[in-house]
Amino acid sequence: MRLIIIGPMASGKSTVGRRLSNRLNLKFIDIDKEIEKSAGVSISWIFDVEGEERFREREVKELAKSINNNNCVISTGGGAILSKENREVLKKGTVIYLETSIQTQLERTINDKKRPLLQNSNNREQTLRELKKIRDPLFEECANITIKEGKNSHNDVVEEIINQLDFK
Ligand code: S3P
């Protein structure tokens, strides 16, 4: 089984992915963490010094590498669906989309200091709306399972994913 979590920034991909992997006894791979590990520097550093384009190349490389694992949960970064190459790779797993409102993203990122796309913005709401417009159709196109936002805790989201997976 290969489960891949997609969704916008602050949709809970890393937390939900880790808990889901524990629950199902699967290996957990966080693409942002893998990028930082192989680069030896933070994502902010990569954006600042190398630029977004180079970050996206690193993202393609790490996702392609991660897909060679079986029995794993892979959490992606919010922009992973932008590249056609990545969208092809996503087809090798069951893709779970964590739908998330702008309001929730804003609340969860109020003290964020690690996401370059927000750090470099002087209007976070507008930035998030612009990203949403471009990315939502891609999230929808890639998703096999969509988890709608409710008042759910991350644990409720994990349980809902498990309910929707087909174990037959
Ligand atoms: C990005 C989202 C981040 C990280 C990078 C770019 C994006 O991951 O990959 O800052 O383009 O939305 P999260 O979705 O985990 O915040």
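Note that ligands are numbered from 1 as they come in the structure, with each ligand's atoms numbered from 1 the same way.
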Full working for side chain to side chain contact (heavy atoms under 4.5 Å, CB included) between Ile29 and Asn69: CA-CA 9 Å; Ile29 302 166; Asn69 288 278; 3.4 Å; yes
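- Side chain of Asn71 to backbone of Leu26: no donor-acceptor contact under 3.5 angstrom is found.
- Ligand 1 lies within reach of Arg56, whose nearest heavy atom is under 4.0 Å from it.
- Taken together through direct or relayed side-chain contacts under 4.5 Å among Ile, Leu, Val, Met, Phe, Trp and Tyr, Val158 and Ile74 form parts of separate hydrophobic clusters.
- If you number the atoms of ligand 1 from 1 as listed, the ones under 4.0 Å from a heavy atom of Asp32 come out as 3 (C), 4 (C), 8 (O), 9 (O), 13 (P), 15 (O).
- A donor-acceptor pair is defined here as one N or O able to donate and one able to accept, closer than 3.5 Å; no such pair exists between the side chain of Thr127 and the backbone of Ser121.
- Summary of contacts: the protein heavy atom closest to atom 16 (O) of ligand 1 is Arg115 NE, 2.6 Å.
- For Ser75 (side chain) and Lys13 (main-chain N/O), a donor-acceptor pair under 3.5 Å exists by modelled atom type.
- Polar contact with ligand 1: absent for Thr76 (N/O pair, distance under 3.5 Å).
- At a 3.5 angstrom cut-off on N or O pairs, Gly78 counts as close to ligand 1.
- Atoms of ligand 1 lying under 4.0 Å from at least one heavy atom of Met9, given by number and element, are 2 (C), 12 (O), 14 (O), 16 (O).
- Side-chain N or O atoms of Arg2 include one that pairs as donor or acceptor with a backbone N or O of Lys92 at under 3.5 Å.
- In the model, Ser14 has a side-chain atom that pairs as donor or acceptor with a side-chain atom of Asp30 under 3.5 Å.
- Near Gly77, the atoms of ligand 1 lying under 4.0 angstrom from a non-hydrogen atom of the residue are 8 (O), 9 (O), 14 (O).
- When non-hydrogen atoms are compared, ligand 1 lies under 4.0 Å from neither the backbone nor the side chain of Leu131.
- Atoms of ligand 1 lying under 4.0 Å from any heavy atom of Phe55, numbered from 1 in the order shown and given with element: 5 (C), 9 (O).
- The ligand atoms of ligand 1 that sit less than 4.0 angstrom from a heavy atom of Pro116 are 10 (O).
- The shortest distance between side-chain heavy atoms of Arg19 and Val157 does not fall below 4.5 Å.
- Contact annotation for Lys13 and ligand 1: only side-chain heavy atoms (C-beta onward) come within less than 4.0 Å of the ligand.
- At least one heavy atom of Arg135 sits closer than 4.0 Å to an atom of ligand 1.
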